[in-house]
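Okay, so here's the structure we're looking at.
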Amino acid sequence: MNTATIAASTTIVTSTTIATSATPEKVNLLGMTRAQMEQFFLDIGEKKFRAQQVLKWIHHAGVIDIAEMSNLGKALREKLARIAEVRPPEIVSQHDSADGTRKWAIRVDGGGLVEAVLIPDRERATLCVSSQVGCSLDCSFCSTGKQGFMKDLSAAEIIGQVWLAIQSYDAFQSGKGRVVTNVVMMGMGEPLLNFDNVVSAMNLMMEDLAYGISKRRVTLSTSGVVPALDKLAEVSEASLAISLHAPNDALRNELVPINRKYPIARLLESSRNYIDAQRDTKRVVTVEYTLIAGVNDQPEHARELAALLADFPCKINLIPFNPFPQSPYRRPSGNAVSRFWQVLVDAGYIVTVRTTRGDDIDAACGQLVGQVVDRTRRSERYRNAAEQNQVTEAG
């Protein structure tokens, strides 16, 4: 048995208890918010308080068989079974890391696979949730972007990742405590390019009748889709993180191509407007900065970043680059990370360095991959370029 096999275990999950086949004529109740569920019951001639009962069955008790929702009358259960269902996506495989991180490959409608990751850390456990199959952006240091883009996830497929994570630990009403205490929309995809479905799913995460997670513990991370970010404060109170990764536009244009359309100044302005609109006046933005050896990890970059963020209400999360196949980038040395951190701390910032978790199962930040039927042909171009490089090097 090799080291990788010892470090991580993989479970292929085949469940006969979870209905995963789509029934086109039925409405999937899993992704409905409280307001949507209340309207659904009114539309079918029922009292809207039924929505509260069904939400609790699905998200508190983990019940997806309508026949088991015992406080609904038999006639209503039979009526619902004819027109509705509760259908989470399907877990295809589960990978458990030596450090306790767990990753799932999840099949969604259309046949694509996405990945979700749960990272336990003492009293908290953070679930990294995907919003798209692949990603329509092409950040140069992210493996997800190299796969191209297939589709947006539905609200049911997004909140379904939370449901599946809890269900995989047999934790619904089991007395095991909260399996998921924090959620970050930092998995596959750009959340703000799937605006309505992501907002509905996040609102369910924070809904007391569903998961009741604090708005400070549900975080949306964006690469900078400014028009959508400008709308977000109208419909959400989630925390905000921005994927910055560079202290100036010239470098960020190379690392995060959407910067060419929405440069740093616009992103910072929109981010400030978002937190200013929140009722919680102590909000700050989390600035994510992936450190890449020889690219953006030098002390001069840190000093430029400190000047850029002066008077911007934020904390900074440094993320040492996690390598993946076909990437030309390297992970920075520990000394380089420490020097960068020290410059920012000396400038007065709150700075954390993200600990690499789950890298033995490719679950670390920037490493998530799924199964993408690429509509952009981007993955094909990267494969061809890699093959050409191999031929050139061999020659």
Side-chain angles (χ1 to χ4, degrees), residues 31 89 105-117 128-161 184-202 219-232 235-236 238 240-246 249 252-264 266-267 270-271 288 290 322 324-327 329 365-386:
I106 298 170
R107 179 174 290 117
V108 297
D109 288 347
L113 296 183
V114 296
E115 293 187 336
V117 177
C128 184
V129 170
S130 294
S131 58
Q132 296 178 314
V133 184
C135 185
S136 54
L137 304 183
D138 188 16
C139 298
S140 65
F141 52 87
C142 179
S143 63
T144 301
K146 302 296 174 280
Q147 301 169 81
F149 172 75
M150 179 176 172
K151 72 158 204 158
D152 290 332
L153 297 186
S154 68
E157 291 166 338
I158 297 170
I159 200 66
Q161 295 169 64
V184 291
M185 298 299 306
M186 297 180 187
M188 299 173 64
E190 164 53 58
L192 289 182
L193 290 179
N194 186 13
F195 189 89
D196 291 340
N197 290 324
V198 165
V199 167
S200 291
M202 290 196 308
T219 302
L220 180 143
S221 175
T222 180
S223 294
V225 186
V226 168
L229 180 54
D230 288 340
K231 295 194 309 180
L232 188 63
V235 291
S236 178
L240 177 66
I242 57 174
S243 296
L244 194 60
H245 310 303
D249 285 322
R252 194 167 191 264
N253 286 346
E254 298 176 17
L255 299 176
V256 187
I258 197 174
N259 192 75
R260 297 166 190 159
K261 190 170 186 179
Y262 306 116
I264 291 173
R266 288 196 63 192
L267 174 57
S270 182
S271 301
E288 298 170 315
T290 297
N322 294 302
F324 59 88
Q326 301 181 15
S327 172
Y329 297 135
C365 184
Q367 291 184 324
L368 295 190
V369 297
Q371 179 176 302
V372 182
V373 180
D374 182 16
R375 290 163 47 188
T376 67
R377 301 189 70 180
R378 183 187 305 146
S379 57
E380 179 183 343
R381 293 195 298 273
Y382 277 112
R383 284 195 303 271
N384 290 341

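Given the structure is predicted, the values throughout are model-derived calculations rather than measurements.
- Under the side-chain contact (heavy atoms from CB on, under 4.5 Å) criterion, S154 pairs with A156, E157, not counting sequence neighbours.
- Looking at residues two or more places apart in sequence or on another chain, you find a side-chain contact (heavy atoms from CB on, under 4.5 Å) between A241 and M186, T219, S221, T286, E288.
- The two atoms that bring F141 and L255 nearest to each other are CE2-O, 3.7 Å, heavy atoms only.
- S271 meets the side-chain contact (heavy atoms from CB on, under 4.5 Å) test with L229, L240, I242, L267, V285, F312; sequence neighbours excluded.
- Here the straight-line distance linking atom NZ of K151 with atom CG of D109 works out to 5.0 Å at 0.5 Å rounding.
- Residues passing the side chain to side chain donor-acceptor pair (under 3.5 Å) test with S223: none are found, sequence neighbours excluded.
- With sequence neighbours left out, the side chain to side chain donor-acceptor pair (under 3.5 Å) criterion links N194 to N197.
- Across all their heavy atoms, L192 and V225 have their closest contact at CD1-O, 3.8 Å.
- Exactly one of L220, V129, I158 qualifies for a side chain to side chain contact (heavy atoms under 4.5 Å, CB included) with M202. That residue is L220.
- Of all heavy-atom pairs between L113 and V133, the closest is O-CG1, 4.0 Å.
- The two atoms that bring V256 and C139 nearest to each other are CG1-SG, 3.8 Å, heavy atoms only.
- The heavy-atom pair separating A116 from Q161 by the smallest distance is CB-OE1, 3.5 Å.
- Panel note: side chain S130, backbone Q132; no donor-acceptor pair is recorded below 3.5 Å.
- Atom-to-atom distance recorded for L193:CG and I258:CD1 is 6.0 Å, nearest 0.5 angstrom.
- Applying the side chain to side chain donor-acceptor pair (under 3.5 Å) test to S131 and every residue at least two apart in sequence or in another chain returns nothing.
- Judged purely by atom type and a 3.5 angstrom limit, R252 has no side-chain atom pairing as donor or acceptor with the backbone of P263.
- The closest side-chain heavy-atom distance from T290 to N322 is not below 4.5 Å.
- For the side-chain contact (heavy atoms from CB on, under 4.5 Å) test, residues two or more places apart in sequence or in another chain that qualify with D230 are V226, S270.
- Listed for the D249 side chain is no donor-acceptor partner under 3.5 Å among the backbone atoms of N259.
- The side chain to side chain donor-acceptor pair (under 3.5 Å) test applied to Y329 returns S140, not counting sequence neighbours.
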